[in-house]
Amino acid sequence: MRTARTSWKTYALGAAAVAALLSSTACDSGGTDGGKNPGVSGAPRTTGAPSASATPSPAGTTAPGGRGSTGPSQSAGGGSAKPGGGDTTLAACNDNDLSIVTSGWRQDSGQRLLITATNFTDKACILYHYPYVRFGTDIGAPVSPMESKPRAVATIGPKEKAYAGVFVFRAGQQTRTVTSFSLGYQDRAPDSNRDVAPLDIRLSDEVGSLTVGPDPRVTYWNTDLRAVEDFLFRSGNRQADR
């Protein structure tokens with residue numbers, strides 16, 4: 001570390017001594033920023049010990065079951081947060097991985113159906129996009145999706161659940177009654193597996209039968225039940241009116 005130079009004391013000097021002094025001072029002051037005392041900028045700054053809150057969490061930290069615990073920017077399984085993303089090392093869920101239960105909501109007049117998928121295997125899998133739902137004996141195109149894309153794909157570990165909701169009908173529509181529906185699953189690519197034979201599912205005793213309108217809508221798979229309910233109850237009516 002450089003030290004500041006000691007100042008000259010003032011003496012009554014002769015002309016020769018003054019000249020000699022000036023010459024000596026000019027030589028000594030070279031490279032010192034115009035003769036100013038240099039600061040101690042070379043000394044390291046003292047920052048103190050970092051607090052615990054300053055320690056960053058590792059990106060992609062996952063909670064049991066594969067869902068990201070570091071916030072919505074990281075998808076379940078550590079993959080992309082886009083709905084078409086997900087951990088490419090995990091397989092898409094299929095009939096052999098899931099048990100399906102249907103239920104409704106009290107004081108709903110049967111306008112909405114909840115589909116709950118539970119992973120009963122010992123490995124995580126991904127439910128991509130939205131389920132292919134067809135009611136009764138329908139063999140045409142599946143129910144269209146609502147604008148309900150989640151922030152991350154639905155990755156479910158063993159014994160974990162994912163949800164999809166169906167807005168079945170709205171008041172004033174012509175309806176029909178069904179007691180069953182078919183369910184199909186997609187791969188990573190959107191609109192995949194449309195030609196794969198769906199699984200026929202009988203509605204639970206709790207639901208019994210459904211009154212289905214001409215244009216039902218289904219949400220994307222989501223591990224957050226409240227998000228599905230929000231789409232169904234707050235957005236469902238608006239999207240059904242379109």
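Scope of the values below: all heavy atoms of this structure, side chains included, with no hydrogens, waters or symmetry mates.
Applying the side-chain hydrogen bond (donor to acceptor under 3.5 Å, both in side chains) criterion to Ser180, with sequence neighbours excluded, gives no partner residue. By the side-chain hydrogen bond (donor to acceptor under 3.5 Å, both in side chains) test, Thr118 is found to be paired with Lys161, residues two or more places apart in sequence or in another chain being considered.
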Name each donor-acceptor pair under 3.5 Å that joins a side chain in residues 189-196 to protein atoms two or more places apart or in another chain, with its distance.
from   : atom 1 : to     : atom 2 : distance (Å)
Asp191 : OD1    : Tyr130 : OH     : 3.3
Ser192 : OG     : Asp187 : N      : 2.8
Ser192 : OG     : Ala189 : O      : 2.7
Asn193 : ND2    : Tyr185 : O      : 3.3
Asn193 : ND2    : Asp187 : OD1    : 3.4
Asn193 : ND2    : Asp187 : OD2    : 3.3

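Each side chain to side chain donor-acceptor pair (under 3.5 Å) pair with one or both residues in residues 198-211, not counting sequence neighbours, appears once here: Thr102-Ser204. For residues 91-100, the set of pairs meeting the side chain to side chain donor-acceptor pair (under 3.5 Å) definition, not counting sequence neighbours, is empty. Among pairs with a residue in residues 144-185, none fulfils disulfide (SG to SG under 2.5 Å), at least two apart in sequence or across chains. Residue pairs meeting the disulfide (SG to SG under 2.5 Å) criterion with at least one partner in residues 146-205, sequence neighbours excluded, are absent. Each disulfide (SG to SG under 2.5 Å) pair with one or both residues in residues 123-162, not counting sequence neighbours, appears once here: Cys93-Cys125. For residues 143-164, there are no ring pair (Phe, Tyr, Trp, His ring centres under 6.0 Å) pairs, not counting sequence neighbours. Among residues at least two apart or in separate chains, salt bridge (Lys or Arg N to Asp or Glu O under 4.0 Å) pairs with a member in residues 114-141 are Asp138-Arg176. Annotation: disulfide (SG to SG under 2.5 Å) contacts involving residues 158-210, sequence neighbours excluded, are absent. Counting only residues at least two apart or in different chains, ring pair (Phe, Tyr, Trp, His ring centres under 6.0 Å) contacts with residues 95-116 comprise Trp105-Phe233.
Residues Val133 and Leu183 are in side-chain contact: their nearest non-hydrogen atoms beyond the backbone lie under 4.5 Å apart. Side-chain contact check for Val228 versus Asp224: every heavy-atom pair is 4.5 Å or farther apart.
Between Asp108 and Arg106, no side-chain nitrogen of the basic residue sits less than 4.0 Å from a carboxylate oxygen of the acidic one, so the salt-bridge criterion is not met.
Val101 and Val178 fall into different hydrophobic clusters, where Ile, Leu, Val, Met, Phe, Trp and Tyr are joined by side-chain heavy atoms under 4.5 Å apart, directly or via other members.
Between the Arg112 side chain and the Leu232 main chain, a donor and an acceptor come within less than 3.5 Å of each other. The backbone N or O of Arg217 sits nowhere less than 3.5 Å from a side-chain atom of Ser144 that would complete a donor-acceptor pair. With Gln186 contributing its side chain and Tyr128 its backbone, the two residues share no donor-acceptor pair below 3.5 Å.
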